[in-house]
Q: 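Sharing a structure here in structure tokens format.
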Amino acid sequence: MALAAQTGAVIEPMSIDEAYLELSARYRDNEADAALFESLPLARHLKQTIFSERGLTATIGIAANKLLAKLASDFQKPNGLTLVPERDKVAFLRPLPVRAIPGVGPVTERALRQAGLTTVGQVQDYPGDLRALAGSFGPKLKRFAFGEDDRPLEIGDVIKSVSSEETFARDTDDRRVLRACLREQAAEISAELKARQLGARTVQVKVRYGDFKTLTRQLSVEEPLFEANDLYRLGCFLLGREKLVCRPLRLLGLAVSSLGEPQDPQLSLL
DNA sequence: TCTGGGGTCCTAGGACCC
DNA sequence: TCTGGGGTCCTAGGACCC
């Protein structure tokens, strides 16, 4: 990442080992495809440096937007380097399975298949209303199918929720086990909130039973909370009020959302 | 997919207010 | 007292991603 920063790139980390680099500032004076090709030496240099410094291979996709860069990097997986020029993007996309498009999971894939659409090319050619198949994602899916994507890089780490959950080795309704679990989760979440100087106005518990049935119950409060004890007690309250531990649990989870600046800790009630 | 954990976003119904 | 609409918040569940 430090190396990438030296290139003057704007960076959006996606996970521990994946990131988008925007280099349009570095190659801005060129026609789109020319700029892409000009970034090839830098991409090769990045791969080489990662390998010599860490002994790891890296895969890079080069394209004019996030969607295409991601698909390009997926194209040739270990140790790949794929460039998708603007002029080739529609053809590049055509043979890909619909599942390759980010946002198309098992459910949307099934809906599309039932309409006879299994490749991105078929989505490109589809004259019907994709909303009927993919809901509000339909219009975006259509644009993605043609390689159009204007999502900007998201930098900064605005976080919207914090959660912790645990799947038990054996389903349990032992109150002591569950309380200890919840207490630990509350402590973890509290530490995260404090580290980020955030408070949470919504607390949610999640339970899953042996048959995989999963329920959530949440509660919003006036004052943003961040103390482990407050989170723990609200979690207990929700479990009890909703009688969620009516049979053994496979999973117990605690989550907070509606995050914002905490009030003066002195005023924190409950 | 006999199924782990931490996230985001969307939908839909109900409460409540104007 | 009943009806209608819009806006916002809360809640629950689900699809999806890494």
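Since this is a predicted model, take the numbers as computed values, not measurements.
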Q: Quick one: salt bridge (charged side-chain N to carboxylate O under 4.0 Å, His left out) partners of A:Asp88, sequence neighbours excluded?
A: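 Here no residue qualifies.
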
Q: Just the rounded figure in Å: distance from C1' of B:dT11 to CZ of A:Phe137.
A: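 That distance rounds to 16 Å.
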
Q: How does DNA chain B look in dot-bracket notation if pairs are Watson-Crick or G-U with both distances under 3.5 Å, crossing ones as [ ], other-strand ones as |?
A: ....||||||||||||||

Q: Round to the nearest Å and state the distance from A:Lys206 atom NZ to C:dT11 atom P.
A: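 Interatomic distance, NZ of A:Lys206 to P of C:dT11: 18 Å.
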
Q: Can you list everything that forms a side-chain hydrogen bond (donor to acceptor under 3.5 Å, both in side chains) with A:Glu148? Sequence neighbours excluded, please.
A: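 Here no residue qualifies.
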
Q: Taking side chain as C-beta onward, heavy atoms only, is A:Lys70 less than 4.5 Å from A:Lys66?
A: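 Not touching, per the 4.5 Å side-chain cut-off.
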
Q: Quote, to the nearest angstrom, the P distance that separates B:dT1 from C:dA15.
A: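 Their P atoms lie roughly 14 Å apart.
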
Q: With a 4.5 Å cut-off on side-chain heavy-atom distances among I, L, V, M, F, W and Y, is there a chain of contacts connecting A:Ile60 to A:Phe92?
A: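 No, A:Ile60 and A:Phe92 fall in different hydrophobic clusters.
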
Q: Can you confirm whether the side chains of A:Ser52 and A:Gln48 place a donor and an acceptor under 3.5 Å from each other?
A: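 No.
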
Q: With C1' as the reference atom in both, quote the distance from B:dC2 to C:dC18 in angstrom, rounded to an integer.
A: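 Roughly 23 Å separates the two C1' atoms.
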
Q: Does A:Gln197 reach the side chain of A:Phe226, with side-chain heavy atoms less than 4.5 Å apart?
A: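 Sidechains of A:Phe226 and A:Gln197: no contact.
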
Q: Would you mind building the protein contact string for nucleotides 12-18 of chain C? One character per nucleotide, 5' to 3', B for base within reach (heavy atoms under 4.0 Å), S for sugar-phosphate only, - for untouched.
A: SS-SSSS

Q: Produce the list of close N/O pairs, under 3.5 Å, pairing protein atoms with atoms of nucleotides 3-6 of chain B; give distances to one decimal.
A:
{"from": "B:dG5", "atom 1": "OP1", "to": "A:Thr167", "atom 2": "N", "distance (Å)": "3.2"}
{"from": "B:dG5", "atom 1": "OP2", "to": "A:Thr167", "atom 2": "N", "distance (Å)": "3.2"}
{"from": "B:dG5", "atom 1": "OP2", "to": "A:Thr167", "atom 2": "OG1", "distance (Å)": "2.3"}
{"from": "B:dG6", "atom 1": "OP2", "to": "A:Glu165", "atom 2": "N", "distance (Å)": "2.5"}
{"from": "B:dG6", "atom 1": "OP2", "to": "A:Glu165", "atom 2": "O", "distance (Å)": "3.4"}

Q: Tell me whether the side-chain N/O atoms of A:Lys160 come closer than 4.0 Å to OP1 or OP2 in B:dG7.
A: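 So the side-chain polar atoms of A:Lys160 never come under 4.0 Å of the phosphate oxygens OP1 or OP2 of B:dG7.
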
Q: When you compare the side chain of A:Asn229 with that of A:Arg183, does any pair of heavy atoms fall below 4.5 Å?
A: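 Yes, at least one pair of side-chain atoms sits under 4.5 Å.
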
Q: Before giving the answer on side-chain hydrogen bond (donor to acceptor under 3.5 Å, both in side chains), spell out for A:Gln124 and A:Arg94 the whole-Å C-alpha distance, their side-chain angles and the decisive distance to 0.1 Å.
A: CA-CA 8 Å; A:Gln124 289 174 357; A:Arg94 281 198 77 80; 2.7 Å; yes

Q: Could you work out, with salt bridge (charged side-chain N to carboxylate O under 4.0 Å, His left out) as the rule, every residue matching A:Arg151, not counting sequence neighbours?
A: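 A:Arg151 satisfies salt bridge (charged side-chain N to carboxylate O under 4.0 Å, His left out) with A:Asp149 only.
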
Q: What is the distance, to the nearest angstrom, from the CG atom on A:Leu234 to the P atom on C:dT11?
A: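 Atom-to-atom, A:Leu234 to C:dT11, this comes out as 11 Å.
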
Q: Would you say the side chains of A:Thr202 and A:Ser220 form a donor-acceptor pair under 3.5 Å?
A: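 Checked: A:Thr202/A:Ser220 side chains pair up, N/O donor to acceptor below 3.5 Å.
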
Q: Does any part of the side chain of A:Phe144, heavy atoms only, come nearer than 4.5 Å to the side chain of A:Leu71, both counted from C-beta?
A: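 SC-SC contact between A:Leu71 and A:Phe144 ruled out.
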
